[in-house]
Number of protein chains: 2
Amino acid sequence: MPAPSSALRIALLGCGVVGTQVVRLLTEQAEDLAARVGAPLELVGVAVRDVDAPRDEVVPRALLTTDAADLVTRADIVVELMGGIEPARGLLLRAIEHGASVVTANKALLAQHGPELYQAADAAGVDVYFEAAVAGAIPLVRPLRESLAGDRVRRVLGIVNGTTNYILDEMTTKGLAFDDVLRTAQELGYAEADPTADVEGHDAAAKAAIIASLAFHTRVTLDDVACEGITKVSADDVAWATATGHVIKLLAIAELTDDGVAVRVHPSLVPATHPLATVGGAFNAVFVEAEAAGELMFYGRGAGGAPTASAVVGDVVSVARHRVLGGKGPDESRYADLPLAAADSAVTRYQIRVLVDDRPGVLARVAGVVAERDVSIAAMRQQGETADGGARLVLTTHSAPEAALAATVEAVRALDVVKEVTSVLRVEGA
Amino acid sequence: MPAPSSALRIALLGCGVVGTQVVRLLTEQAEDLAARVGAPLELVGVAVRDVDAPRDEVVPRALLTTDAADLVTRADIVVELMGGIEPARGLLLRAIEHGASVVTANKALLAQHGPELYQAADAAGVDVYFEAAVAGAIPLVRPLRESLAGDRVRRVLGIVNGTTNYILDEMTTKGLAFDDVLRTAQELGYAEADPTADVEGHDAAAKAAIIASLAFHTRVTLDDVACEGITKVSADDVAWATATGHVIKLLAIAELTDDGVAVRVHPSLVPATHPLATVGGAFNAVFVEAEAAGELMFYGRGAGGAPTASAVVGDVVSVARHRVLGGKGPDESRYADLPLAAADSAVTRYQIRVLVDDRPGVLARVAGVVAERDVSIAAMRQQGETADGGARLVLTTHSAPEAALAATVEAVRALDVVKEVTSVLRVEGA
């Protein structure tokens with residue numbers, strides 16, 4: 001056992017909801033943390049924009065500073081909770097340059113500049129830890145990076161955005177339309193005033209990039225993620241999903257295809273019997289398919305001050321322990337560097353719902369254009385008739401490349417007997 | 001980055017289903033593993049009872065030996081997959097004494113002699129890793145030990161035995177009796193010829209001891225676990241559970257009570273809406289309640305050759321990386337040493353079903369003896385009448401100490417109006 005070390009200096013960048021909870025945990029659990037690390041953790045400064053802003057009394061006023069650039073040079077571990085790209089990126093690079101290890105919950109930064117940070121940290125012999133950036137309190141980084149180090153991950157399906165999961169849940173249980181649920185969610189504070197990042201899938205896409213990097217030891221950035229949000233999901237889609245034993249979930253998907261790593265975010269039909277189907281409300285879950293381990297799932301709170309702070313402080317302990325032992329954690333720069341597959345090479349299944357003329361031969365014509373694109377039909381059925389003499393058809397395909405499926409939808413849409421393509425949803429986890 | 005190291009010598013003790021899969025992973029993934037570790041992993045020997053027994057061709061015959069005591073002295077990492085207490089215990093202590101790190105999947109050994117092994121390893125500056133011993137392929141050790149290092153675990157509820165989970169599942173979906181399902185499970189190879197360890201909860205109890213040690217940084221051994229199996233669960237219990245929106249699961253429970261750490265294994269009524277309720281068949285899941293992180297769940301395959309091997313090789317990689325970096329992992333000897341609570345101090349809720357005389361005043365008398373033990377009643381209802389003029393009562397309590405609840409059951413049983421206490425089940429996760 002190493003001799004008890006002198007205190008490790010912790011600097012905090014940003015002190016909002018999560019930062020306040022981090023200060024609380026560092027204070028309240030000080031004794032336990034010191035025992036686990038092998039040295040006390042000493043908070044040496046908290047960088048904020050306005051030292052006079054009102055804040056929780058757990059945050060020592062004497063430690064507040066606006067000079068983050070100075071603070072990062074006098075810490076052993078820098079915890080970044082500012083969010084956004086700059087000045088976070090510059091400050092963390094500066095911290096690393098000065099020999100500090102780094103803990104961050106900043107998914108946007110990692111999704112865009114992760115490799116730069118990992119490389120700098122590797123060169124400096126320090127750690128970059130980021131458990132809180134992926135799925136809040138859910139331990140995911142260590143399982144993917146360490147527990148599965150002897151295995152080969154095939155596919156990751158994640159519910160990684162609580163806001164959209166809540167909205168889809170409410171649409172399902174209450175039969176409401178997207179706009180109505182969004183409005184209520186905003187009133188309740190479950191959705192932002194500007195909900196774009198959530199409902200258009202951008203937040204999930206950033207997390208998908210980080211998850212894919214971890215799962216496949218490959219550089220994946222936000223630009224590599226094909227992304228579609230939930231704004232086009234209709235109450236009718238949800239009702240039909242329920243009627244056919246499915247739920248609609250916004251999934252972040254990272255998988256190994258014949259062409260390399262494919263990463264995408266889109267609303268998906270998930271069988272009601274799948275473990276992801278029962279993940280409700282603000283919860284997150286990440287489902288992993290590995291060659292030897294089989295199916296794994298990690299479930300928990302994906303956001304919130306205390307849960308996120310728990311993940312941050314867990315990282316602080318790991319990083320601190322490495323410093324006490326004189327080492328660093330697993331090396332992020334050992335990338336397998338698998339090729340990234342084009343988004344349209346992903347293999348998936350479509351459920352296409354169309355409004356057609358109700359006359360003989362329509363089914364055959366629709367089936368014909370599908371077959372021409374080498375897509376095979378798993379099921380085709382009539383959903384009912386419309387008032388004006390049209391019919392609704394529901395067509396579910398077998399697995400096929402995204403490109404072929406997209407072309408199929410266009411071909412179906414172009415048929416003169418087709419009045420409208422009502423809905424196109426991918427089927428996952430079946 | 002450290003300079004590429006010379007090969008790390010791996011010794012395998014035992015070569016059954018899991019051992020064979022470990023050899024396969026070490027062989028097939030050799031290149032990836034070397035990259036992740038920073039040095040090649042070289043299998044130097046496989047200790048078996050009979051070198052001439054038939055085995056998979058992936059196991060190199062030239063490496064087979066019956067001299068395990070010699071083998072453990074010429075390895076950097078010893079992987080123990082023999083099971084049982086001796087000679088496994090002696091061999092691992094000998095390996096540690098000779099400076100080897102140890103990976104084991106042996107839950108019985110850890111549940112009884114874990115502290116001895118951790119202490120020896122700590123003194124020798126080597127690692128003992130055991131992810132596969134707790135819940136097969138489910139990453140649990142690192143999340144509990146590292147990710148939650150800055151948090152405080154309150155409670156762990158685990159489905160950690162696939163055989164009993166399968167049996168309860170079959171009883172639920174098919175309405176069959178325990179004996180009938182067990183017989184079929186044995187025929188299908190899902191249950192052992194001697195199913196005692198599984199159905200009496202002993203296997204789950206060993207895992208509960210390991211989980212409790214991890215979650216509360218406290219020495220817990222098998223003897224500290226209060227254990228009740230599923231042999232008394234009737235088809236009627238299952239049917240009633242279903243009718244009232246519950247499922248029956250064999251839960252391993254470790255929790256922090258006012259008196260310390262309480263660890264128990266017993267069949268439990270779990271609300272159908274709880275994440276554990278949908279964990280079916282041979283799957284395992286561990287549900288964790290932590291102060292800051294909130295609710296977390298880890299799900300996956302709890303047994304099987306390939307899943308267990310995945311966890312073992314993940315541990316080998318971690319341990320190997322520590323050796324390349326010249327360190328060791330988190331220190332198992334830093335126990336918080338919380339007191340162990342008496343089994344009957346655990347706080348839980350009971351559902352008691354009784355057969356009573358159907359005459360005025362019976363309900364009041366039953367309610368009376370419950371109240372006398374300071375137990376409050378959450379619900380009391382009549383389940384129906386019997387042919388001979390008796391009535392069935394179902395009584396659900398609020399949370400109360402196990403001792404008070406047990407005394408309540410005895411007092412109810414002693415009432416002259418009570419013909420029979422049909423069933424006593426604890427309610428968890430509600």
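The chains referred to below are lettered A, B, ... by the order of the sequence lines, with proteins before strands, and numbering in each begins at 1. Atom set for the values below is all heavy atoms of this structure, side chains included, hydrogens, waters and symmetry mates excluded.
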If you count heavy-atom pairs under 4.5 Å with chain A, which of B:Ala309, B:Gly136, B:Ser147 comes out on top? B:Ser147
Side chain, backbone, both or neither: which part of A:Pro275 has an atom under 4.5 Å from a heavy atom of chain B? side chain
Given a strict heavy-atom distance threshold of 4.5 Å, which part of A:Arg152 is in contact with chain B: side chain, backbone, both, or neither? both
What part of A:Leu25 is in contact with chain B, defined as an atom under 4.5 angstrom from a non-hydrogen atom: side chain, backbone, both or neither? side chain
For the pair A:Tyr299 and B:Phe287, name the ring-plane relationship: parallel under 30°, tilted 30 to 60°, perpendicular over 60°. tilted
Is it true that, when you exclude B:Tyr166 itself, more than 12 heavy atoms of the residues, nucleotides or ligands shown sit nearer than 6.0 Å to its OH? yes
Identify the heavy atoms of A:Ala149 and B:Val317 that sit nearest to each other, and give their distance. CB-CG1, 3.6 Å
Between atom OG1 of B:Thr278 and atom NE2 of A:His274, what is the distance when rounded to the nearest 0.5 Å? 11.5 Å
Structural part of B:Leu148 lying under 4.5 Å from a heavy atom of chain A: both
Side chain to side chain contact (heavy atoms under 4.5 Å, CB included) partner of B:Ser318, the single match among A:Glu146, A:Arg145, A:Arg142: A:Glu146
Determine the option with the most heavy-atom pairs under 4.5 angstrom with chain A, choosing from B:Leu296, B:Val313, B:Val316. B:Leu296
At a heavy-atom distance under 4.5 Å, which candidate from A:Ala292, A:Ala277, A:Ala306 has the highest pair count against chain B? A:Ala292
Give the intermediate values and the outcome of side-chain contact (heavy atoms from CB on, under 4.5 Å) for residues A:Phe283 and B:Glu295. CA-CA 9 Å; A:Phe283 280 90; B:Glu295 302 173 337; 3.4 Å; yes
Tightest non-hydrogen contact, residues B:Asp151 and A:Ser310, listed as OD2-OG, 2.6 Å
Side chain, backbone, both or neither: which part of A:Asp32 has a non-hydrogen atom closer than 4.5 Å to chain B? side chain
Partner chain A: residue of B:Ala123, B:Gly280, B:Ala293, B:Ala137 with the largest heavy-atom pair count (under 4.5 Å): B:Ala293
Taking the side chain as C-beta and beyond, is there a heavy-atom pair between A:Phe298 and B:Pro143 under 4.5 Å? no
Under a 4.5 Å cutoff for heavy-atom pairs, which residue among B:Gly314, B:Ala285, B:Ala311 has the most contacts with chain A? B:Gly314
